[in-house]
Amino acid sequence: MPLRDTEAFVLRTYTLKEADKICLFFTREEGKVRAVAHGARRLRSRYGASLEPFTEVSLVYFQQENRELASVSGCDILRSPFRSGLSSEQLAVYHYLAELIIEFLPEHEANEKIYRLIGATIRALGSEMVAPLTASVRYFEIWLLRLSGFCPDWRICAGCEADLTATAGVWLSGEGMAMCDGCSGREGDFLSGAAWVFVRQALALPPADFLKTPHDLRVVHQIGSLLTRLINRVLERELRSYEFLDRLRPVEPTIAGGR
Ligand SMILES: [Zn+2]
């Protein structure tokens with residue numbers, strides 16, 4: 001049966017022809033799916049705001065075998081992050097998160113945990129509290145690396161499988177493996193003190209609870225450079241949207257000060 005019905009997040013849209021858009025979805029049932037939304041660029045399109053980035057939709061589409069592009073048949077908004085309006089900082093974050101998902105995840109491979117991670121992160125970003133944006137980005141990066149299989153759980157030594165949660169810190173190898181002092185040969189990046197607490201909390205708490213915890217911005221940025229290096233190494237290139245995200249950093253202290 002070529003007709004599929006699933007919940008999905010809109011990741012990105014591209015102009016196809018005068019009236020059409022290609023949409024990249026992260027669907028609950030089939031993972032990443034590319035589909036044409038016919039007539040989506042018309043002024044009074046039946047799609048309305050349903051194709052805005054990170055809108056969660058109820059999607060119906062046709063997928064024919066051996067065709068890369070599916071065809072959108074129906075797309076109804078379930079939850080929209082745009083309801084209360086978005087700041088340019090939030091938009092930059094969404095853009096970056098979308099690029100991470102696009103780069104890290106294969107086409108047509110469902111991942112329920114990542115689907116839930118996206119939903120939880122968006123809800124945390126859109127809630128009433130002043131969202132600590134970069135902390136939420138770090139949280140997403142840590143979990144995406146883990147759930148997409150690039151980095152194992154950093155709370156367990158990749159060498160001897162010792163529990164690292166009670167240790168003063170961990171050594172992270174260039175490949176993103178966490179190791180105890182003995183196994184690491186003291187090579188790689190040493191994560192200790194507040195930085196290690198930050199990562200441990202990210203791995204232990206749901207996003208809303210993690211973002212309620214106050215975080216030292218210097219630590220957030222320290223973890224950020226480490227994660228960026230790791231992501232660039234995994235993807236073997238730099239993400240385009242990161243530069244834009246990086247430029248937003250001077251805004252952050254004001255946001256943090258408001259808490
Ligand atoms: Zn070890």
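Just follow the structure's listing: the first ligand is 1, and inside any ligand the first atom is 1.
- At a threshold of 4.0 Å, the pair R4-E30 counts as salt-bridged, since one of the basic side-chain nitrogens sits closer than that to a carboxylate oxygen.
- Between E109 and K32 there is no salt bridge, since no side-chain nitrogen of the basic residue lies less than 4.0 Å from a carboxylate oxygen of the acidic one.
- Partner of T13 under the side-chain contact (heavy atoms from CB on, under 4.5 Å) criterion, out of L16, V10, L11, T15: V10 alone.
- Neither side chain, Y115 nor E29, offers a donor N or O lying under 3.5 Å from an acceptor on the other.
- Of all protein N, O or S atoms, those under 2.8 Å from the Zn ion (ligand 1) number 4.
- Under the 4.5 Å side-chain criterion, counting only non-hydrogen atoms from C-beta, R146 is in contact with L203.
- Ion pairing between R155 and D163 fails under the 4.0 Å rule for side-chain N and carboxylate O.
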